Amino acid sequence: MMLYPAMKDLLTHVPSRYELVNVVACRARQIAREAELAGEPLQDKPVSIAIQEVADGKLSAPAGDGQEEAGQAEG
């Protein structure tokens, strides 16, 4: 079974597999929440969308100790 995008490609944007899981999970929850609030159906699963965002370079691991997550929650 071939995964697309390949793990090695995803790891160029996020330094470790563990961090990749966290980044994708957080973004997938955000995507699902936004779609639910907007009342719009998603064409793909939220996790698939988040993985594709990482592969496209639109999403990467936050620098520092989670300051970005706190900033997103406030604004």
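The model shown is predicted, which means the values in this text are computed figures rather than measured ones.
- The 12-atom threshold is exceeded at CD of Glu34, counting heavy atoms of other residues, nucleotides or ligands nearer than 6.0 Å.
- Residues that satisfy the side-chain contact (heavy atoms from CB on, under 4.5 Å) test with Ser48, not counting sequence neighbours, are Asp44, Lys45.
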Please report, to 0.1 Å, the donor-acceptor pairs under 3.5 Å made by any side chain of residues 8-18, with sequence neighbours excluded.
unit_1: Thr12; atom_1: OG1; unit_2: Asp9; atom_2: O; d: 2.5
unit_1: Ser16; atom_1: OG; unit_2: Glu19; atom_2: N; d: 3.1

Return a table of donor-acceptor pairs under 3.5 angstrom between the side chains of residues 49-56 and protein atoms on other chains or two or more places apart.
unit_1: Gln52; atom_1: NE2; unit_2: Asp56; atom_2: OD1; d: 2.9
unit_1: Glu53; atom_1: OE1; unit_2: Arg27; atom_2: NE; d: 2.7
unit_1: Glu53; atom_1: OE2; unit_2: Arg27; atom_2: NH2; d: 3.1

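- Cluster annotation: Met7 is connected to Leu59 through the hydrophobic network of ILVMFWY side chains, with a link wherever side-chain heavy atoms come within less than 4.5 Å.
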